[in-house]
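Remember, it's 1-based here, ligands and their atoms both numbered in the order they're listed.
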Amino acid sequence: MDRQTTRISPADIDRQREFCEQIHERSAALPTPPLAFVDTYGCQQNEADSERIRGYLASMGYGFTESEEAADAIVINTCAIREHAEDRVLGNVGALVHAKRRHPGQIICLCGCMAQEPQVAEKIRQSYRHVDLVFGPHALWKFPELFCRVLTRRGRVFDIADEPGSIAEGIPVVRQSGIKGWVSIMYGCNNFCSYCIVPYVRGRERSRKPEDVLAEVKALADEGYRDITLLGQNVNSYGKDLGLDIDFADLLERIDAIPGDFLIRFMTSHPKDASQKLFETMARCKKVAPAFHLPFQAGSDRILKAMNRVYDRAGYLDKVRRLREQVPDVVITSDVIVGFPGETTPEFEETLSLIEEVRFDALFTFIYSPREGTPAASMPDPMSRAEKQANFQRLVDVQNVISAEKHAAYVGKTLRCLIDGVSEDAGSALTARTPGNRLVRVADGDASLVGQFRDVEITAANTWSLFGKLAGQG
Ligand code: SF4
């Protein structure tokens with residue numbers, strides 16, 4: 001058990017509030033309130049982090065805009081998972097030099113996983129001199145202090161110290177949705193999959209105390225949130241570092257007991273830690289959605305070993321079988337990487353056959369992207385990009401047929417769905433989500449229904465979504 005997790009003290013968070021107040025006074029003295037633009041890349045954890053950054057900015061007296069030109073402060077919360085995404089971020093950050101020329105007082109901040117990569121931070125330091133503040137995920141809790149330093153001294157600030165990571169409670173939050181809430185239950189990862197940069201930039205696994213998680217979920221339920229997702233790089237190993245007699249299944253059970261009409265989701269899971277106890281708990285807990293995102297990444301045992309995934313194909317298939325035994329209507333989604341270094345076409349075909357065997361409801365598919373500093377980045381990689389692309393397309397074609405068939409099986413059913421928005425598509429009025437998180441385009445109804453659970457009759461389907469109408473509406 002790791003007892004080294006640093007918990008940021010309430011006094012340290014109070015100090016950040018004082019910085020917020022100082023900045024708020026400056027903001028209040030301006031003729032109009034300053035505006036901030038927070039641009040988020042990557043995973044849901046980054047979205048949750050951005051909600052905290054917005055919380056801090058609101059405490060500093062900032063309003064929000066979606067326009068780079070109008071913004072007095074721009075915060076770019078980055079993702080380091082794929083090279084292509086990094087290049088896109090750097091391109092966008094480079095282009096901000098023009099906005100800043102027109103608005104010299106503008107403060108540009110870069111944070112998130114890319115900021116924690118030493119080579120990226122160095123590139124920003126040398127070649128992107130219009131960026132004022134760079135901080136990694138470990139320093140998010142002290143954003144007001146760092147921002148204040150830039151604001152008052154007009155010098156550049158870099159806080160990218162490499163550390164195992166900490167936990168901070170009590171950071172203000174401005175949530176993007178009044179229906180769907182994200183609750184981080186743990187941070188970091190211990191797994192070191194050979195292709196993945198996350199453990200290097202987000203530190204080791206550390207769990208929030210159960211009472212803090214429960215209090216946040218209860219507050220969301222009291223505020224009327226209907227769909228609450230528990231977040232972590234590997235939620236299935238929740239609690240291992242706490243030294244308390246609690247694991248992820250126990251936490252789910254406790255959250256399920258919180259009064260209110262809401263669904264509980266969670267992501268992401270690692271197959272090695274997805275336990276029979278968890279499957280049985282899901283089956284028992286009424287509020288836990290029948291949805292499981294269980295990344296398998298590859299179908300070949302040799303590739304899984306090279307990826308350091310610590311399970312094999314048979315073990316993965318066995319988990320899926322046991323999950324379906326407990327939760328028969330479960331929607332299973334997964335991540336898969338095509339073209340891991342050294343993967344041959346016959347090995348890729350083992351991935352295809354696994355997909356056909358499991359019949360996932362949906363897949364998130366990626367072509368391998370080398371990440372500097374990870375073991376896989378220095379493995380021999382003889383397959384050409386064109387071959388990888390061709391294999392990728394074969395995989396997408398196979399999955400599209402399965403997704404369409406899975407969706408077709410919903411037609412004629414009536415499901416209790418959460419109405420989560422007004423549709424922007426001609427031909428449907430609302431969007432909704434099934435308990436398994438499948439998108440439904442609902443033909444009738446109006447905005448007053450958003451945030452409500454309604455029975456929806458599914459009338460048609462395609463590969464990507466379901467179509468329906470409010471049940472009992474003729
Ligand atoms: S489990 Fe593996 S893929 Fe997921 S964050 Fe950890 S190292 Fe990365």
Which of the atoms of ligand 1 are close to [X], meaning less than 4.0 Å from one of its heavy atoms?
{"X": "Phe192", "value": "7 (S)"}
{"X": "Val198", "value": "5 (S)"}
{"X": "Arg309", "value": "2 (Fe), 3 (S)"}
{"X": "Cys193", "value": "1 (S), 2 (Fe), 3 (S), 7 (S)"}
{"X": "Gln233", "value": "5 (S)"}

Quiz item: Parallel, tilted or perpendicular: which fits the ring planes of Phe340 and Tyr368, with parallel below 30° and perpendicular above 60°?
Solution: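 Perpendicular.
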Kindly say whether [Y] contributes a backbone atom to a donor-acceptor pair with the side chain of [X] at under 3.5 angstrom?
{"X": "Asn236", "Y": "His270", "answer": "yes"}
{"X": "Asn46", "Y": "Thr40", "answer": "no"}
{"X": "Arg202", "Y": "Tyr200", "answer": "no"}

Quiz item: Hey, is there an N, O or S on Cys196 sitting under 2.8 Å from atom 8 (Fe) of ligand 1?
Solution: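 For Cys196, the answer is yes, given that an N, O or S atom comes within less than 2.8 Å of atom 8 (Fe) of ligand 1.
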Determine whether the side chain, the backbone, both or neither of [X] has a heavy atom under 4.0 Å from any heavy atom of ligand 1.
{"X": "Tyr195", "answer": "side chain"}
{"X": "Pro199", "answer": "side chain"}
{"X": "Cys189", "answer": "side chain"}

Quiz item: How far apart are the closest heavy atoms of Ile419 and Ile179, and which atoms are they?
Solution: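 Of all heavy-atom pairs spanning Ile419 and Ile179, the closest is O-CD1, 4.3 Å.
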Quiz item: Just by distance, with hydrogens left out, do Asp273 and Asn234 show a side-chain donor and acceptor under 3.5 Å apart?
Solution: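 Yes.
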Self-check item: Glu424, CD atom: more than 12 neighbouring heavy atoms under 6.0 Å
Solution: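 12 or below, so no.
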Quiz item: Which protein non-hydrogen atom lies closest to atom 1 (S) of ligand 1, naming both residue and atom, and how far is it?
Solution: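 Scanning the protein heavy atoms, the shortest distance from atom 1 (S) of ligand 1 goes to Asn191 ND2, 3.4 Å.
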Quiz item: Just wondering, is there an N, O or S atom on His270 that's nearer than 2.8 Å to atom 2 (Fe) of ligand 1?
Solution: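 No N, O or S atom of His270 is closer than 2.8 Å to atom 2 (Fe) of ligand 1, so no.
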Exercise. Consider ligand 1: state whether an atom of it lies below 4.0 angstrom from any non-hydrogen atom of Arg202.
Key: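 No, Arg202 has no heavy atom closer than 4.0 Å to ligand 1.
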Quiz prompt | Qualifying residue, where the test is side-chain contact (heavy atoms from CB on, under 4.5 Å) with Phe37 and the options are Ile108, Ile76, Val75, Ile74 | solution =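 Among Ile108, Ile76, Val75, Ile74, the one that satisfies the side-chain contact (heavy atoms from CB on, under 4.5 Å) with Phe37 is Ile74.
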